[in-house]
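Below you'll find the structure, written out as structure tokens, and then a few comments.
Protein chains get the first letters and strands the later ones, always in sequence-line order, with residue 1 at the start of each. Note: hydrogens, waters and symmetry copies are ignored here, and every other heavy atom, side chains too, is used.
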4 protein chains.
Amino acid sequence: MAGGQVKRAERGPGRPREERVTGAVLSAVLDLVTEQGMEAVTMDAVAARAGVSKPAIYRRWPGKHDLMIAAAETRIGVLTVPDLGDFRAELRAVLDARVEVYRMPGTARLLAGLIAAAEEGGEVRGAYQSYAARIMSETRKILERGKARGDVRADVDVRAAATLVAAPMIFRLVIEQQLPDEGFAADLADMIARAVGAPA
Amino acid sequence: MAGGQVKRAERGPGRPREERVTGAVLSAVLDLVTEQGMEAVTMDAVAARAGVSKPAIYRRWPGKHDLMIAAAETRIGVLTVPDLGDFRAELRAVLDARVEVYRMPGTARLLAGLIAAAEEGGEVRGAYQSYAARIMSETRKILERGKARGDVRADVDVRAAATLVAAPMIFRLVIEQQLPDEGFAADLADMIARAVGAPA
Amino acid sequence: MAGGQVKRAERGPGRPREERVTGAVLSAVLDLVTEQGMEAVTMDAVAARAGVSKPAIYRRWPGKHDLMIAAAETRIGVLTVPDLGDFRAELRAVLDARVEVYRMPGTARLLAGLIAAAEEGGEVRGAYQSYAARIMSETRKILERGKARGDVRADVDVRAAATLVAAPMIFRLVIEQQLPDEGFAADLADMIARAVGAPA
Amino acid sequence: MAGGQVKRAERGPGRPREERVTGAVLSAVLDLVTEQGMEAVTMDAVAARAGVSKPAIYRRWPGKHDLMIAAAETRIGVLTVPDLGDFRAELRAVLDARVEVYRMPGTARLLAGLIAAAEEGGEVRGAYQSYAARIMSETRKILERGKARGDVRADVDVRAAATLVAAPMIFRLVIEQQLPDEGFAADLADMIARAVGAPA
DNA sequence: TAATAACCGAGACGGTACGTCAAGTCTTCGG
DNA sequence: CCGAAGACTTGACGTACCGTCTCGGTTATTA
């Protein structure tokens, strides 16, 4: 019996929000960006595609940029790599996982739109930064595990190293505008292992 | 006597374009983005700031995105590093030069706007890609010089390595939204030297 | 009980249009044309004067010409002359009524703008023609009443005669660019009465 | 030999104007208005059609409106009716001549454009009014001849009567937007003859 | 059971930027 | 000085999108 009423108090009076709407909107954003690019992601277009009204969207997210970030999170979410006992293996796992996500159609456009959105002032910036931090957190963990384990050099700065790991893949996609592949992941793994790995 | 007029006027009939306009517009874009951010870079605002009419702008660039790319080129132009006889030194020169440019106010915003602009189809994309390629060309040259010299490993892929060099700085600025500094450049130089440098 | 809800809301879904906007726009057009002439009737100026946004105007009328016709209708509307039992008296009533309207400041400019607008193809033309027909309908009625009554000659063509009545006043205003006055109306009444009236 | 140098002094220094240009421009205006309507009569379009530069046009006419009036004059010029010894016959001659001109393609559009142009302030207005007066002068002459001859009533106001003659045809064309035909001219002649003719 | 409060779709609203077009002026070259 | 060609400013045009607000109506919780 205990805890039975925990959830009930969370809801005030009035009609509750329909979960269907939230999901439909996020899907609509991803669909539109994938099929037609960022230019097509209009609030009206999203509403029409999701079969939802504009106020219903604005009740959930304060603006377009916030919606973009939320949509990006469903695509490029947090990544978890288990302790494999070896830095090199875990590094490769992270890179391969990213290749897979970045090769999905629409990811490049989504990322570009996200970057543009982040240039805003205000609360959007905070949300974006926390999202960016979350994206890199797993890489950081791997580096710290490696340091503790001893197969990552003790003198590397984890923050700089994490940037070195995360940056090239996204750069190739967004700046060079080409899809990263497994060969690229392998090359990166080799180079980064030499860069931060403890000498044999 | 022959050849006296080799460089004859390359100009067709009619009034030639005023150079003053082209320069004023590009400056206006940079000023606006620096002082007020990408949102303030309105075609009307640019025209007003440059003391120029809108049609004069559209005669030179077909759309806003093209203008953005042109403006970015004047800020983040091609970089030249002379042969210093040592890969490590040249690497550090490239990274330091980039730190300097990226720390200038407005560069982050300009870059973000540029990335968003590049998501367009059509000619804008081509212009952007050629620009991106130009940005990385010097890094490539350094790597190739190093390979020839023997202080860069023979087995590294130049393209992948160039991405490894160029990406982290821009990533820190645009994704992590922090100004890169000399310490970061030094950390990167250390790591990249280990990644691609020939073993002692 | 039946029929209780005959006049149920004829309104579709969504926020209804505000009547205030429609009225304010039409007034703004008339004010501007009266005070500053047709050249001042800019969509932006109308919007500003009416305290309304441009899209709100374009939602109601597809273009500037349509707006002009609508504004003209509120100024030079349909005219009604009751049966006075005598053609001559009714003719004079029509002419005097027109003198009054045409002497209002801005009517000449409005009419000239209207004529220019009518030269368009498409729907504008239809709207204009139906408006022109409405303007002449009362004149036609008077002529037909006179014919039935016997104080208008049986052999006159009503259409041609209606043109003879309506044309001179507007011609004097727009072509000769002078304000018609009561003396002119009296002269016309005399002549037209001889032209179409039944001989004593 | 006398008079040999009369014309030479009329010309200042420099290259004389080519007559070809003046004619080509006026023709281009009429062609454009006939084929595509007033909207197509752009200064650039006229220049292109005439194979002439814009400055060459502006050297001859101070503005677009003046050019329009000049073009209208070449189409709807001054009309001359000889003394036929009978008011009724001369009236019919005037009306038939107008029918012929007004039925030419493009005349309606030209007239509408002219009316719109006249709503300008400044010098254009004067030019337009003198043109309008010229258009009506022949009608006036006929009425005065008739009065002198005795087959026009002595008590009619010539100005008002001239308006009565000139207005209906142009009204049918521009306001009712229909081509006047000979039947209409005949109806008008009958009515106007009764309106101003001396009783048998 | 009734009231209340928050939800829902639909769509108009103000504001602001976009990219285009026309008028009239000015500048270059050549005849 | 005339001519063609074309760039220049000014200012209006009509469209698109954003974020808000107002409808009529629905659905849940509270009184």
**Asked** Would you say the side chain of A:Arg17 and the base of E:dC7 hold a donor-acceptor pair, judged only by whether the two atoms sit under 3.5 Å apart?
**Response** no
**Message:** Using modelled atom types and a 3.5 Å cut-off, is there a donor and acceptor pairing between side-chain atoms of B:Arg49 and backbone atoms of B:Val29?
**Reply:** no
**Prompt:** Under 3.5 Å, side chain of B:Thr74 to main-chain N/O of B:Ala71, donor-acceptor pair present?
**Reply:** yes
**Item:** Partner residues of D:Ser53 under the side chain to side chain contact (heavy atoms under 4.5 Å, CB included) criterion, sequence neighbours left out
**Value:** D:Pro55, D:Ala56
**Asked** Taking atom C1' of E:dT28 as reference, at what distance in whole Å does atom CZ of B:Arg15 sit?
**Response** 9 Å
**Asked** Side-chain donor-acceptor pair under 3.5 Å between A:Arg17 and A:Thr22, yes or no?
**Response** no
**Asked** Any side-chain heavy atom of A:Val21 within less than 4.5 Å of one from A:Val25?
**Response** yes
**A:Arg20 side chain, from C-beta outward: closest of E:dG9, F:dT27, E:dG14** = E:dG9
**Request:** List in numerical order all residues of residues 38-57 of chain B for which some heavy atom is under 4.0 Å away from an atom belonging to DNA chain E.
**Result:** B:Val41, B:Thr42, B:Met43, B:Asp44, B:Lys54, B:Pro55
**Complete:** Of D:Leu67, D:Leu32, D:Asp31, the one forming a side chain to side chain contact (heavy atoms under 4.5 Å, CB included) with D:Val41 is D:Leu32
**Prompt:** Looking at residues 58-73 of chain A, who's got a heavy atom less than 4.0 Å off DNA chain F?
**Reply:** A:Tyr58, A:Lys64
**Prompt:** Any side-chain donor paired with an acceptor under 3.5 Å for B:Arg75 and B:Thr107?
**Reply:** yes
**Asked** Between D:Lys64 and D:Ala117, is there a donor-acceptor pair closer than 3.5 Å when you use the side chain of the first and the backbone of the second?
**Response** no
